[in-house]
Protein chains: 2
Amino acid sequence: MNDHPTRKTLPRLDESLLTHLPPFSRLEKRQIRTILDQATSRRYEAGVAVFREGHPADRFYMLLDGYVRVVRITATGEQVTALHIPAGQLLGIARAIGRDTYPATAMTATESIVLSWPTRLWDTFVAEYDGFATETYKTVGHRVGEMNTRIVELATQQVEQRVANALLRLINQTGRKVEGGIEIDFPITRHDLSELTATTLHTVSRLLSGWEKRGLVLSKRKRITVCDPHALVVLGQG
Amino acid sequence: MNDHPTRKTLPRLDESLLTHLPPFSRLEKRQIRTILDQATSRRYEAGVAVFREGHPADRFYMLLDGYVRVVRITATGEQVTALHIPAGQLLGIARAIGRDTYPATAMTATESIVLSWPTRLWDTFVAEYDGFATETYKTVGHRVGEMNTRIVELATQQVEQRVANALLRLINQTGRKVEGGIEIDFPITRHDLSELTATTLHTVSRLLSGWEKRGLVLSKRKRITVCDPHALVVLGQG
DNA sequence: GCAGAAGTTTGCTCCAGAGCAACATCCGGT
DNA sequence: ACCGGATGTTGCTCTGGAGCAAACTTCTGC
């Protein structure tokens, strides 16, 4: 029963799922209906792969709910997180950038709901649906910008700055207001953060302890709340 | 006379300049003629900016001859090289990824010849010229892949491995066979190499000295020849 | 041919942060 | 309630490579 990535062809997907998402926002109800009828809906639990680096890119995806980490795995088995993707974005769009295999692995960070379509529909989507291509390429552009930023950070900043910045980015993308600050909306371990900032979980742990003593953050197991974002910004600038 | 970036509207550009370059290779002579007639040709000396990060992306470019470094400049003024672009590739294609400013600065590494078009022609190119969009997005995809690799390298490898890999990439992209090995085809300083690998020129210098003693490379001022690529590959794996 | 600039080499010191180890804490399953 | 496996904390050591300083070499312009 608890089949790992659960495939569920839901009775009928509601159009409102897509109408407000940028790649589809300019479309008519009828078009969205067609798109949804071609989609496969699937629920993944936390920590499983949606697709894997190097595999043929036979589907593309829209993350409806949850969070996905885009990771690369090195020859020695270490994982490096390249990107976090929040709900409402396309992923696995290798086809858009002329690749026929996925350039990285996508792992769910939380339980997630994902729609997907076979890649052969890609060209149809681009041709038929007004604004789809443009919005997709904006996403690509945004991710290129993020990657650029990551490179600069890795190249020039100290660990403390990188971790501070990573935390800020996470609360920006996925922050949820709680009493006492802004909490990262999904479970994240010290180890996850260390993969995101290219350091060790030990160093992350030490930094968080230090910040907690100074009242900048509040952290429990797999949970981090930022109490003083501004102080983190200052740290992040170095 | 020696006006820094020299603008030269050459008497007439020859069609053969573009016919064998991927974004244009499927086009007819007549179409290429039109494209060339709309282009501005310009020569840049080494070490000048073609366009700058953050400026409005009002033109897109094709590098006909030379090499260009794509760099980002940090708040503290350090430069980080994100990418090297060899002749025959498009650059400054912010428009393709939905951006209206350039996400990075492009600096010539050597004297270079560049064609450019106003960005408002972009949509026309995409619509009218078969294969143009596809090939462009392949380029984007390739660069995304490179950036990903850079991130992984920065996150997991030691300096020696990074420098070895950078050298290998350079000779792959721009290597010229000479007696005794493969030489990087443009002048490159220890400092350039350090910006490419996120280290200091001192460390690069030490590494090169060491490798030279072991017969792996041969380096003069601004010139590096790789004598034993295979040994570098081994070093690069760590 | 000379002066100054640009690029390179090398020695020395120092420290951020990795690596290792040991322990503490929490959580889920039976 | 208990056990075992994740997860988190903290102390200690050690080292890669940054930072600084000084000298050397090669170019460029006058």
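Values below: all heavy atoms of this structure, side chains included; hydrogens, waters and symmetry mates excluded. First the proteins, then the strands, lettered A, B, ... as listed; each starts at 1.
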Check: Parallel, tilted or perpendicular: which fits the ring planes of B/His84 and B/Phe186, with parallel below 30° and perpendicular above 60°?
Finding: parallel
Note to self: Just to be sure I understand the rule, does B/Ser205 reach a base, reach only the sugar-phosphate, or reach nothing, if contact means heavy atoms closer than 4.0 Å?
What the structure shows: base
Note to self: Can you confirm whether the side chains of A/Ser116 and A/Arg59 place a donor and an acceptor under 3.5 Å from each other?
What the structure shows: yes
Item checked: salt bridge (charged side-chain N to carboxylate O under 4.0 Å, His left out) partners of A/Glu111, counting only residues at least two apart -> A/Arg43
Atom pairs, protein N/O to nucleotides 20-27 of chain D N/O, distance under 3.5 Å:
| residue | atom | partner | partner atom | Å |
| --- | --- | --- | --- | --- |
| D/dT26 | O2 | B/Arg221 | NH2 | 3.3 |

Next item on the list: Rounded to 10°, tell me the angle between the two end axes of the helix from C/dG1-D/dC30 to C/dT30-D/dA1, each built from five pairs.
Entry: 50°
Next item on the list: State, to 0.1 Å, how close A/Ala94 and A/Ala57 come at their nearest heavy-atom pair, and which atoms those are.
Entry: CB-CB, 3.7 Å
Checklist line | Set of residues satisfying salt bridge (charged side-chain N to carboxylate O under 4.0 Å, His left out) with respect to B/Lys138, sequence neighbours excluded | finding: B/Glu135
Checklist line | Integer-rounded Å distance: D/dG5 P and A/His191 NE2 | finding: 19 Å
Check: Just wondering, are more than 12 heavy atoms of other shown residues or ligands nearer than 6.0 Å to NE2 in B/His230?
Finding: no
Notebook entry, point to check: Any Lys/Arg nitrogen of A/Arg69 or A/Glu195 sitting under 4.0 Å from an Asp/Glu carboxylate oxygen of the other?
Noted result: yes
Margin query: Contact list please: residues 149-166 of chain B against DNA chain C, heavy atoms, distance less than 4.0 Å, in numerical order.
Written below: none
Note to self: Tell me every residue that passes side chain to side chain donor-acceptor pair (under 3.5 Å) with B/Thr76, counting only those two or more places apart in sequence or in another chain.
What the structure shows: B/Thr74, B/Glu78
Checklist line | Spacing of CG belonging to A/Leu21 relative to CG belonging to A/Leu64, to within rounding of 0.5 Å | finding: 7.0 Å
Next item on the list: For A/Ile188 and D/dT7, give me the distance from atom CD1 to atom P, rounded to whole Å.
Entry: 12 Å
Notebook entry, point to check: Between A/Ser41 (side chain) and A/Leu115 (backbone), is there a donor-acceptor pair under 3.5 Å?
Noted result: no
Item checked: Between C1' of D/dA18 and CG of B/Leu201, the distance in whole Å -> 11 Å
Checklist line | DNA chain C-proximal residues of residues 65-78 of chain A, any heavy atom under 4.0 Å | finding: none
Next item on the list: Among residues two or more places apart or on two chains, list those pairs meeting salt bridge (charged side-chain N to carboxylate O under 4.0 Å, His left out) that have a residue in residues 141-156 of chain A.
Entry: A/Glu153-A/Arg169
Next item on the list: Tell me, please, which residues at least two apart from B/Arg206 pass salt bridge (charged side-chain N to carboxylate O under 4.0 Å, His left out).
Entry: none
Check: 5' to 3' on DNA chain C, which nucleotides open and close the contacts with chain A (atom under 4.0 Å from a heavy atom)?
Finding: C/dA16 to C/dC27
Next item on the list: Could you state the atom-to-atom distance from CG of A/Leu218 to P of D/dG8 in whole Å?
Entry: 14 Å
Note to self: Applying salt bridge (charged side-chain N to carboxylate O under 4.0 Å, His left out), can you list everything that pairs with B/Asp185, at least two apart in sequence or on another chain?
What the structure shows: B/Arg176
Notebook entry, point to check: Between the side chains of B/Glu212 and B/Ser219, does any donor sit under 3.5 Å from an acceptor?
Noted result: yes
Check: Taking only side-chain nitrogens and oxygens of B/Thr199, does any of them come within less than 4.0 Å of OP1 or OP2 of D/dA18?
Finding: yes
Notebook entry, point to check: Backbone N or O of B/Gln161 within a donor-acceptor pair of the B/Asn165 side chain at under 3.5 Å?
Noted result: yes
Next item on the list: Would you indicate, yes or no, if D/dT10 has its OP1 or OP2 atom less than 4.0 angstrom from a side-chain nitrogen or oxygen of A/Ser209?
Entry: yes
Check: Of all residues at least two apart in sequence or in a different chain, which pass the side chain to side chain contact (heavy atoms under 4.5 Å, CB included) check with A/Ala106?
Finding: A/Val50, A/Phe51, A/Val68, A/Leu91
